[in-house]
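Values below: every heavy atom of this structure, side chains too, minus hydrogens, waters and symmetry copies. Bear in mind the structure is a predicted one, so any value in this text is a computation, not a measurement. The chain is numbered in sequence order, starting from 1.
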Amino acid sequence: MNKIHIISLAAMILVAHTACKHPENNELDHGHSHQNKTASEEETHAHADNEIIIEPEQALRFGIQTEIAEPKPFSSTIRATGQLLPSTTDPGVISAVTSGIISISSPVRIGSKISKGQVVANIAARSSSGDNPNSAALAAVSAAKRELDRIRPLLDDGIATMSEYNAALSAYETARAAVSQSSISGKVVSTVSGTVLEILCVNGQYVQTGEVLIRVSQNNLVTLQVNVPSSRANSLQSITDALVQSPVTGVWTQLSTMGGKRIDHSDIPFSGNYIPIFFEFHASKDYMPGSNVEVDLVEPVRKYCIVVPRSALIEQGGEYYIFEKTGDHSYIRTRVECGAFSGDSVEILSGIKAGDCIVIEGVQTVKMAEASTAVPEGHSHNH
């Protein structure tokens, strides 16, 4: 019989995972001879033509994990695209204190925490023509100080009047007030505490006084705008939650687990092909403004059905398959019919039933074993 076996461990370049969720009977000494087996033992050890043979220790080493299929609660979803935007409820900005060439402090990056009073950047003062924009103000301070120093002894000698002295003192104080100490030093100090959402400049860029450099979320929130096809308008009023795929890790997360909530009105006027709806949730390094994301809007109606993780599926020729564990060290490929996809989960309409044991991790390992028709040396199954 033509058996499908694993060629060797070296043929599988995969990272080891945790042990199977489904108990495995250990066959560490499976490289035995079959010459002295009884007829009953030989019959029990026979394999079907389409079986894939992987020894338990190999399954453990290469991270093959299984689970028992059973009905689970499942909600249909509406697939849409979304964009992560800065929160509209607590805008905080940090602006340039002078014109010049900016250098952003190394700890400051998107997603990092900053504190009020923290130096977030330094600006080497330059005007558009290349000179120091503070030079005129500093010159005015110097001139006012010289005039004040000239008047003071004249007042003592009775040559200058008190009115003249007060005018010189006022001019000096006005000149000093016109010069910001931060603009002279070039240090950009944060006026708020929060999470950095956007950095609107790069090191070496020329910035002008008052230009917005950094946007900060003071309550660590981010806004998600989801553009839904107008054909699904009737389904939108009841939607309050969504699954979002991180643009960083690819992992799907439910917004409600991140403090998310819908913030627009349920009665939405719309025109064109898409309807925008909005959610707000706590930002993290995996979900920062400026990114486009895949979104599954979760419909409230739930049902119980066979549900498997996407990691269990393989697609070939437009059809989907899973690997079912049929014995101690045997697996078979099974064609399944998929229903709705929701985040990392898939509804299975047919092909497997409750109680079947399916591979949910290490699917590529099993697929590689399936592709092999060689039998490892010392492990003959020619019964």
Side-chain angles (χ1 to χ4, degrees), residues 83-146 148 170-224 246-249 258-259 280-293:
Q83 184 178 16
L84 299 177
L85 307 169
S87 172
T88 58
T89 60
D90 70 330
V93 297
I94 301 172
S95 302
V97 294
T98 188
S99 298
I101 306 301
I102 191 166
S103 175
I104 302 169
S105 300
S106 57
V108 178
R109 59 188 180 277
I110 294 177
S112 64
K113 302 286 187 181
I114 59 174
S115 303
K116 184 176 181 179
Q118 177 181 341
V119 176
V120 296
N122 286 277
I123 299 176
R126 299 283 189 280
S127 68
S128 57
S129 59
D131 58 346
N132 189 329
N134 296 311
S135 58
L138 292 171
V141 172
S142 179
K145 180 66 165 57
R146 288 196 303 270
L148 181 63
S170 176
Y172 173 64
E173 291 177 343
T174 300
R176 286 188 58 189
V179 178
S180 165
Q181 292 303 310
S182 59
S183 68
I184 295 174
S185 67
K187 292 182 178 180
V188 180
V189 177
S190 176
T191 56
V192 295
S193 297
T195 302
V196 176
L197 295 179
E198 288 184 286
I199 299 177
L200 305 175
C201 56
V202 296
N203 286 334
Q205 179 180 331
Y206 178 80
V207 297
Q208 294 184 331
T209 303
E211 182 178 339
V212 176
L213 305 176
I214 299 173
R215 295 189 187 277
V216 180
S217 171
Q218 298 177 70
N219 59 14
N220 197 32
L221 293 177
V222 65
T223 298
L224 170 64
S246 167
V248 178
T249 64
M258 297 187 287
E280 196 170 60
F281 63 98
H282 292 291
S284 71
K285 60 183 177 61
D286 293 337
Y287 298 94
M288 296 304 297
S291 302
N292 294 320
V293 292

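- Considering every non-hydrogen atom in both Ile104 and Ala121, the closest pair reads CA-CB, 4.0 Å.
- When all heavy atoms of Lys187 and Asn122 are compared, the pair lying nearest together is CG-OD1, 3.4 Å.
- Take Arg109 and apply the side chain to side chain donor-acceptor pair (under 3.5 Å) test, not counting sequence neighbours, and it matches no residue.
- Side chain of Ser103 to main chain of Asn203: no donor-acceptor pair is present (N/O by atom type, distance under 3.5 Å, no hydrogens or angles).
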Next item on the list: Assess whether side chain to side chain contact (heavy atoms under 4.5 Å, CB included) is satisfied between Val222 and Glu280, documenting all intermediate values.
Entry: CA-CA 6 Å; Val222 65; Glu280 196 170 60; over 6 Å; no
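- Side-chain contact between Ile214 and Glu198 is absent, with no heavy atoms from C-beta onward closer than 4.5 Å.
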Next item on the list: Apply the test side chain to side chain contact (heavy atoms under 4.5 Å, CB included) to residues Leu200 and Leu213: give CA-CA distance (whole Å), side-chain angles for both, the deciding distance (0.1 Å), then the verdict.
Entry: CA-CA 5 Å; Leu200 305 175; Leu213 305 176; 5.9 Å; no
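- With Ser246 contributing its side chain and Val248 its backbone, the two residues share a donor-acceptor pair below 3.5 Å.
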Margin query: Could you walk me through whether Ile114 and Ile94 satisfy the side chain to side chain contact (heavy atoms under 4.5 Å, CB included) test, starting with their C-alpha distance in whole Å, then the side-chain angles of each, then the deciding distance to 0.1 Å, before giving a yes or no?
Written below: CA-CA 11 Å; Ile114 59 174; Ile94 301 172; 3.8 Å; yes
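- Pairing each heavy atom of Phe281 with each of Leu224, the nearest pair is CE2-CB, 4.0 Å.
- Considering every non-hydrogen atom in both Val207 and Cys201, the closest pair reads CG1-CB, 4.4 Å.
- Atom CD1 of Ile101 is separated from atom CD of Gln205 by 8.5 Å, given to the nearest 0.5 angstrom.
- Residues Ser193 and Ser115 bring no donor and acceptor atom of their side chains to less than 3.5 Å of each other.
- Ser291 places no side-chain N or O within donor-acceptor distance of the main-chain N or O of Pro247, the cut-off being under 3.5 Å.
- Contact record, Gln83 with Asn292: CG-OD1, 3.6 Å, taken as the closest heavy-atom pair.
- Scanning both residues, Ile123 and Val97, for their nearest heavy atoms gives CD1-N, 4.1 Å.
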